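Please read these numbers as outputs of a predicted model, since none were measured by experiment.
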Amino acid sequence: QVQLVESGGGLVQAGGSLRLSCAASGRTASSYAMGWFRQAPGKEREFVAAISWSGGSTYYADSVKGRFTISRTNAKNTLYLQMNSLKPEDTAVYYCAADPGPVATKITSYYGYGMDYWGKGTLVTVSS
């Protein structure tokens, strides 16, 4: 079992930056693939980014590629999402997620079905 708690959301102007954090707990958290998903008002949840357990492999949705960076520090059991050049369309609740993986073979399923464990989310609002 993995527990996930997000933090770092808030209100930011377009063009600004935010860094989200996700604290993971559980005996196997550091060995899990992890990711970020988001759900905008009135829309379905969508994949944002994923990272392998080692941090050596990362994957991004086309809509955030070049602007967002996913990273993790296993010694602290913490996942991050650095978000730069934010746009109003990035406004959403952002969810941290974890999965046994491996991410390389399951990345396609993450896009459609998400991961096994979820946090409660943190709201990011980007004003124009």
Closest heavy-atom contact between [X] and [Y]?
X      : Y      : answer
Ala104 : Tyr59  : CA-OH, 3.6 Å
Ala33  : Tyr110 : CB-OH, 3.9 Å
Thr91  : Val126 : OG1-N, 2.9 Å
Gln3   : Gly26  : OE1-N, 4.2 Å
Ser30  : Arg72  : O-NH2, 3.6 Å
Ser63  : Arg38  : OG-NH2, 3.5 Å

Do the side chains of [Y] and [X] get nearer than 4.5 Å, heavy atoms only?
X      : Y      : result
Lys106 : Met115 : no
Glu46  : Glu44  : no
Thr122 : Val93  : no
Arg45  : Trp118 : yes
Ser17  : Met83  : no
Leu20  : Val124 : yes
Glu6   : Tyr94  : no
Trp36  : Phe47  : no

**Asked** Below 4.0 angstrom, N of the basic side chain to O of the carboxylate: do Asp62 and Lys65 qualify?
**Response**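 Here Asp62 pairs with Lys65 in a salt bridge, since their nearest N and O are under 4.0 Å apart.
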
Gap between atom [atom2] of [Y] and atom [atom1] of [X] - 0.5 Å precision:
X      : Y     : atom1 : atom2 : result
Asn77  : Cys22 : CG    : SG    : 10.0 Å
Ser109 : Asp99 : OG    : CG    : 7.0 Å
Leu79  : Leu4  : CG    : CG    : 8.5 Å
Arg19  : Ser7  : CZ    : OG    : 9.0 Å

Is a side-chain donor or acceptor of [X] paired with a backbone partner of [Y] at a separation under 3.5 angstrom?
X      : Y     : result
Ser128 : Pro88 : no
Asn74  : Trp53 : yes
Ser54  : Gly56 : yes

In this structure, would [X] and [Y] fall into the same cluster of hydrophobic residues linked by side-chain contacts under 4.5 Å?
X      : Y      : answer
Tyr80  : Val103 : no
Ile107 : Phe37  : yes
Tyr95  : Ile51  : no

Query - Any side-chain donor near an acceptor of the partner, Ser127 and Gln13, under 3.5 Å - result: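 Judged by distance alone, the side chains do not pair up.
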
query = Within a reach of under 6.0 Å around OH of Tyr111, are more than 12 heavy atoms found that belong to other residues, nucleotides or ligands?
reply =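 Result for OH/Tyr111: enclosed.
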
Given the rule in the side chain to side chain contact (heavy atoms under 4.5 Å, CB included) test, do Thr58 and Phe68 qualify, once you have shown the distances and angles that lead to the verdict?
CA-CA 11 Å; Thr58 57; Phe68 291 11; over 6 Å; no

| request: Would you sort out whether Val12 and Thr125 count as a side chain to side chain contact (heavy atoms under 4.5 Å, CB included), showing the intermediate values? | output: CA-CA 6 Å; Val12 63; Thr125 303; over 6 Å; no

Counterpart residues, side chain to side chain donor-acceptor pair (under 3.5 Å), relative to Asp116 (two or more places apart):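 Per chain and number, Asp116 pairs via side chain to side chain donor-acceptor pair (under 3.5 Å) with no residue.
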
Should the ring pair Tyr32 and Tyr117 be called parallel, tilted or perpendicular, given that the plane angle runs from 0 to 90° and is split at 30 and 60?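 Ring orientation, 0 to 90° scale: tilted.
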
